[in-house]
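A quick write-up on the structure given underneath.
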Amino acid sequence: MTVYIGSGAGFAGDRLDAGIPVVETLKKKNGPRYLIFEVMGERTLAIAQRIKMRKPEMGYSPYLEPYLRNVLKSAKENNVTIVANLGNANPLGGAKRTHELAKELGVKGLRVAVVLGDDLLAFMAADEIANLPTVEGVSIDGKEIVAANAYLGARPVAEALKLGVDVVLVGRTTDAALVLGPLIHEYGWGPEDWDLLAQGTLAGHLLECGGQVTGGYFCDPGFKDVPGLDQLGFPIGEIEADGTLTITKADDTGGMVTRATVIEQMLYEVHDPSAYLTPDVQLDVTGVTLTEDGKDRIRVVGAKGSSPPETLKVTVSADGGWLGESEMIYAGPNALARARLAADVVRSRVKSHGVTEPVRIEITGTGATYDNDASERERAKNMPMDGEYRLRAAIRTADKATAQYVNDEVLSLFCSGPAGGGGYRCNVTGQVNTASVLVPRGPVEAQARAEEVAP
Amino acid sequence: MSDLITLPLHAVAHGRTGDKGNRSNISLIPYVAEAFPHLLEQVTEARVLDLFRHKGATDVTRYELPNLPAMNFVIDNALEGGVNSSLNQDLHGKTLSFMLLGEIEVTVPRSCIPAGSRYL
């Protein structure tokens, strides 16, 4: 037997139609087949929690409907089970919406399950959460906690699949759990089958970012060429009972699967490659070998596993104030001198206004992205004065008005600044601060559960 | 040794950046496996730290995966606070892999550069 798991999205904002050729390919396969959608970021969850506070039926992913609309009918008709973190802050609400969508699309007899228990605020006091040890991110001490969700592992996902449903909607699990869950369900891998769990987790890690393993976010023209990025084929993992994994992609699509595309994704967001921590297994990829097995097929073996940590990672979110950003472009002869003068004018105005927060005023085109807040590298460089340079100001503030004030100073350059500025753009956006904290796994895992949601 | 050539890393290797909090990881993967020992010798933790120090980087750890071959740099405090507090337009530091590839030079045998490279 081979289990086939395809990806339909690797982040909230991924192509809405990418899942269609994946389902078309999966339906030709002889074996259990799954389609995953990974659309949760640390910040999306906090935003969804806020929405849920205002409207208790909402708080599932705003992408639930656009992604599922394209594949729900064909997936159901072809026994492709969907596993997705489209539940976000409200998997139950997402399940209800999925049933409504099924009705609208004429999908008969759809069964949906959810995984619950990742929301710490449902069973822990906020001050208890605030006292958990922080491993990453800013201190959320003294701020109101908007969301606190633990990364659950693959076991509850497997439990949900055991209910025999067509769609599993989860909130915060590890991304890899969307893939490892189906594998545990199909192959009955035990909690101490470390190397199998490691292969399954690696499969999840390679598939979770969608097209990033099939040539998306890889192409560097003339150096790493990728065919057909406009019709990038999303990945499909083929996994055997012994954990052997083959990464390939949807038929009749662009993109490619090579050793190089797989290596880049394998190390993506990994720190120590011998100790990638998940709730299911500690993954070691240092012994992994990748071999070509035909066009767009890479066989991946050799992941090693060992027992996971006694704690779970929790993302805690609090209000992060406001980010103001504003830009003005200068082009043509002496553009850099005019952009630099504009920057000096804004600096001086902001300073005399008494803004105390750091304001970054930089010039895109001078290497600003690689520079720091003080533009130290730009000052050291000898840039051509003629060209196209974009002034940018950025500030983070607790109050919206100060962020808007800095934007207004850039806007006022139109009539009061150097000659020839144009193309003003600005925005002020609400921010979420996050921290990663650790929680003992026992009490949290006792809350994790799967349940079917009736239409 | 006339076949040695000094070029930006971009001629020899590729990579991708990831972020977690204020920590960045950049993978470095040679196009030609023969280049790997040269990269190990020349692309040191100290050189990478020097490159990112102006952004606040405090420490670099290099992990080696000789059987791929590839290496992975983990750079602490390289992201000006990361998505929580950075004022950089690239909050995640997604562009930093190309900073590494563009600004660090290595000296390698010509055979380490893929055939047809525009650098040759």
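For clarity, every value in this text was computed on a predicted model and none was experimentally measured. All chains are named by letter (A, B, ...) in the order of the sequence lines, taking the proteins before the strands, and each is independently numbered beginning at 1.
- Shortest non-hydrogen contact noted between B:V74 and A:H271 is CG2-CA, 3.6 Å.
- Within the 4.5 angstrom heavy-atom criterion, only side-chain atoms of A:L323, from C-beta onward, approach chain B.
- Aromatic pair A:F218/B:H14: ring centres closer than 6.0 Å.
- Proximity to chain A involves both the backbone and the side chain of B:T95, based on heavy atoms less than 4.5 angstrom apart.
- In this structure, chain B has heavy atoms under 4.5 Å from both the backbone and the side chain of A:R396.
- Within 6.0 Å of the CD atom in B:E45, the count of heavy atoms belonging to other residues, nucleotides or ligands exceeds 12.
- Residue contact with chain B, scored on non-hydrogen atoms closer than 4.5 Å, involves the backbone and the side chain of A:I263 alike.
- No donor-acceptor distance shorter than 3.5 angstrom exists from the side chain of A:D272 to the backbone of B:Y63, with no hydrogens or angles considered.
- Sparse packing is recorded around NZ of A:K351, with 12 or fewer heavy atoms of other residues, nucleotides or ligands lying under 6.0 Å away.
- Between the side chains of B:Q89 and A:T364, at least one donor N or O lies within less than 3.5 Å of an accepting N or O.
- Of all heavy-atom pairs spanning B:L87 and A:R360, the tightest one is O-CD, 3.5 Å.
- With a threshold of 4.5 angstrom between heavy atoms, B:L91 approaches chain A through side-chain atoms but not through N, CA, C or O.
- Surrounding CZ of A:R425 are at most 12 heavy atoms belonging to other residues, nucleotides or ligands under 6.0 Å away.
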Under the salt bridge (charged side-chain N to carboxylate O under 4.0 Å, His left out) criterion, do A:R377 and B:E103 qualify, and how do the steps go? CA-CA 13 Å; A:R377 281 164 51 106; B:E103 302 205 4; 2.7 Å; yes
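- For A:E292, the CD atom sits in a loose shell: 12 or fewer heavy atoms of surrounding residues, nucleotides or ligands are nearer than 6.0 Å.
- Aromatic pair A:F223/B:Y119: ring centres closer than 6.0 Å.
- The environment of CZ in B:R53 is crowded: more than 12 heavy-atom neighbours from other residues, nucleotides or ligands sit within 6.0 Å.
- For the residue pair A:R43/B:N84, the side-chain donor-acceptor check at 3.5 Å is satisfied.
- Counting heavy-atom pairs under 4.5 Å between each of A:T289, A:V288, A:L290 and chain B puts A:V288 at the top.
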Go through the steps to decide whether B:L68 and A:M266 satisfy the test side-chain contact (heavy atoms from CB on, under 4.5 Å), and finish with yes or no. CA-CA 11 Å; B:L68 290 175; A:M266 190 161 83; 3.6 Å; yes
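- If you measure heavy-atom distances from A:E136 to chain B, the contacts under 4.5 Å come from the side chain alone.
- Once rounded to the nearest 0.5 Å, the distance linking OH of A:Y217 with OG of B:S97 reads 6.5 Å.
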Please step through side-chain contact (heavy atoms from CB on, under 4.5 Å) for the pair B:E64 and A:T286, ending with a clear verdict. CA-CA 8 Å; B:E64 298 161 18; A:T286 54; over 6 Å; no
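- Between chain A and the residues B:T61, B:N22, B:V83, the most heavy-atom pairs under 4.5 angstrom are made by B:V83.
- Between A:A368 and B:N88, the shortest heavy-atom distance links the atoms O-ND2, 4.3 Å.
- Only the side chain of B:L65 comes within less than 4.5 Å of a heavy atom in chain A; its backbone stays farther off.
- Both the backbone and the side chain of A:Q212 have a heavy atom closer than 4.5 Å to some heavy atom of chain B.
- Heavy-atom distances place the side chain of B:E80, and not its backbone, under 4.5 Å from chain A.
- Heavy-atom distances place both the backbone and the side chain of A:V285 under 4.5 Å from chain B.
- Counting heavy-atom pairs closer than 4.5 Å to chain B, the top residue among A:I395, A:V270, A:V359 is A:V270.
- Side-chain contact of A:D371 with B:H54: a donor-acceptor pair under 3.5 Å is absent, judged by distance alone.
- Closest of all the heavy-atom pairs between B:N67 and A:R259 is O-NH2, 4.3 Å.
- When each of B:S86, B:G56, B:P114 is scored by its heavy-atom pairs under 4.5 Å with chain A, the top score falls to B:S86.
- Panel note: side chain B:N25, backbone A:E269; a donor-acceptor pair is recorded below 3.5 Å.
- Separation of atoms OH (A:Y370) and CG (B:L51) is listed at 9.5 Å; rounding is to 0.5 Å.
- Interface remark: B:F98 contributes backbone and side-chain atoms alike to the contact with chain A (heavy atom separation under 4.5 Å).
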